[in-house]
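Notes follow once the structure below has been shown.
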Protein chains: 2
Amino acid sequence: MRELCLPVGLNEHEIQVLGDVVSHKRKVQRGGYLYRTGSKFQSLFAIRRGFLKTCILEQDGRQQVTGFHMTGELLGLDAISTELHTCDAVALEDSEVCEIPFAKLEEISRIIPSLMRHFHKIMSREIVQDHGVMLLLGSMKAEERLATFLLNLSRRFLIRGYSESNFYLRMTREEIGSYLGLKLETVSRAFSKLQDENIITVDNKHIKINDIARLKMKMGNSTCVP
Amino acid sequence: MRELCLPVGLNEHEIQVLGDVVSHKRKVQRGGYLYRTGSKFQSLFAIRRGFLKTCILEQDGRQQVTGFHMTGELLGLDAISTELHTCDAVALEDSEVCEIPFAKLEEISRIIPSLMRHFHKIMSREIVQDHGVMLLLGSMKAEERLATFLLNLSRRFLIRGYSESNFYLRMTREEIGSYLGLKLETVSRAFSKLQDENIITVDNKHIKINDIARLKMKMGNSTCVP
DNA sequence: ACGCCTGATTGATCTGAATCAAAGCCAGCG
DNA sequence: CGCTGGCTTTGATTCAGATCAATCAGGCGT
């Protein structure tokens, strides 16, 4: 738990205090909602196990996936501002989260400065990541976007001790497309193209990265072929 | 100051404590940098006066504007995570900011819970706004993007006591384009189109919104003309 | 085993925005 | 003043990705 939820250099006592905060665990089945847009915010959720997406849906029905989240990540940060959740959080596979009552977290972060600092860093990192996505959406073309996306997943799997070159996508092409600002057909074509070039092997949702270096090339410069 | 930097229901004593944090003011001339990517993070900056943009630039020279910022807004939140600034902050007109040493802010936010809460809300709102931009970049077409952008500015000017229907853009078409994920020509055409429809009047960087209701229509549904 | 349904692939065509190109406008400055 | 350079507008053309459409593969329940 300590490792996942809010790691940091905490001493024995601090870890114990923190343990008290993380009230209880909650399971969310595949397809189930952890929370919904508009519901009252009281807690953050640290993912212990599983895979979720967050998405906002517009009045006219269009939905935009704002992120995919895996073990160890913190959900609900967007809701602090209005005390209402601003997006839906949906499990893409059976998941388990631990609930962190936000008021309590603030309370004990007054006692443990390193915890407070860590929490601030987590929020800040969220902002940095969103800026990265904005860059992607604002200036990359389809293939670059997909390459960036796959490398991002790859790195996150690696950090968690899984293979960086062989993984299973929990989301559909449509969800990937929504996240990347593309239509599902375009996502599918981009997959096929990367496969044709032997950079990856695609078997439905199973992805194998054959040449990570070339995939990285795809990310930065599509047009720079000297 | 109290109103701008970190408003909240603070009592006399708290305001005084806070006053001590906001160490000194700094002026940034038009075109000048408040901070640069990679520079060490120590302080947040609250804008007292002026107008700035933040932007990240990729290895290959492309730049992406991540935001435009006006009086009362807080800059530098992205840098908390790595303690290095992840973007450039450039003044688009002569500006003045007050520097808020972050360590001090954390320190006194331990003493003033409402200040801590307020700070968390500010960070959270930043995340929510970024999600809004992601939605825009991921699923809107040019005209919708520009309408959304203008209405966002309009609202922010209104809040600050300026006209919501008559304002001056500090940024170039290129910067707007970068922010909206469009090329400058497309931005220009979108302006012209809105003008042709008598929804706005454009005189270079002076914008007059003639029909705010119709502009709002443009934002949501481009194709719904019953 | 069968049929159904959801999701994925692939092809053909269309379209919105990018790109290329040419003026035009304005502010600042010699 | 007139020239220069940055910013903007507008037009013509191209192209990446959206849309439309058909087919296919896999998982699930009966």
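Values below: all heavy atoms of this structure, side chains included; hydrogens, waters and symmetry mates excluded. Labels below follow one simple rule: chain letters A, B, ... track the order of the sequence lines, proteins then strands, and each chain is numbered from 1.
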**Asked** Which nucleotides of nucleotides 19-30 of chain D have their base under 4.0 Å from a protein heavy atom (B), which only their sugar-phosphate (S), and which neither (-), written as one string 5' to 3'?
**Response** BB----------

**Prompt:** When we call it a touch if two heavy atoms are under 4.0 Å apart, what does A/Gly177 touch: a base, just sugar-phosphate, or nothing?
**Reply:** nothing

**Message:** Under 6.0 Å from the ring centre and within 45 degrees of the ring axis: does the NZ or CZ of A/Arg170 meet both conditions for the six-membered ring of A/Phe68?
**Reply:** no

**Request:** Could you tell me whether A/Leu184 contacts a base, only the sugar-phosphate backbone, or nothing, with contacts defined as non-hydrogen atoms closer than 4.0 Å?
**Result:** base

**Prompt:** Are side-chain N/O atoms of A/Thr54 and A/Asp88 paired as donor and acceptor at under 3.5 Å?
**Reply:** no

**Prompt:** Could you give the CG-to-P distance, from A/Leu180 to D/dA16, as a whole number of Å?
**Reply:** 18 Å

**Asked** Taking atom C1' of C/dG7 as reference, at what distance in whole Å does atom CZ of A/Arg30 sit?
**Response** 11 Å

**Asked** Atom NZ of B/Lys193 and atom P of D/dT8: how far apart are they, to the nearest Å?
**Response** 21 Å

**Request:** Quickly work out the A/Leu137 CG to D/dA16 P distance and round it to whole Å.
**Result:** 19 Å

**Request:** For A/Glu143 and D/dG17, give me the distance from atom CD to atom C1', rounded to whole Å.
**Result:** 13 Å

**Asked** Using the ring of each side chain (for Trp, its six-membered ring), is A/His85 parallel, tilted or perpendicular to A/Tyr35, with breaks at 30° and 60°?
**Response** parallel

**Message:** Would you call the rings of B/Phe157 and B/Phe51 parallel, tilted or perpendicular, taking 30° and 60° as the class edges?
**Reply:** parallel

**Prompt:** Under the 3.5 angstrom rule, does the side chain of B/Gln129 hit a backbone N or O of B/Glu126 as a donor-acceptor pair?
**Reply:** no

**Request:** Starting at atom CG of B/Asp196, determine the distance to atom P of D/dT10, rounded to an integer number of angstrom.
**Result:** 8 Å

**Request:** Taking only the side-chain nitrogens and oxygens of A/Ser192, find out if one of them lies under 4.0 Å from OP1 or OP2 of C/dT10.
**Result:** yes

**Request:** Give a yes or no on whether the ring-centroid distance for A/Phe167 and A/His206 is below 6.0 angstrom.
**Result:** no

**Prompt:** Rounded to the Å, how far apart are A/Ile207 CD1 and C/dA8 P?
**Reply:** 11 Å

**Request:** Flag the pair A/Glu164 and A/Arg156 as a salt bridge only when some basic side-chain nitrogen lies within less than 4.0 angstrom of an acidic carboxylate oxygen.
**Result:** no

**Request:** Name the closest nucleotide to the A/Val202 side chain, picking from C/dT9, D/dT10, C/dG7.
**Result:** C/dT9

**Message:** Between P on D/dT10 and CG on B/Leu194, what's the gap in Å once rounded to a whole number?
**Reply:** 13 Å

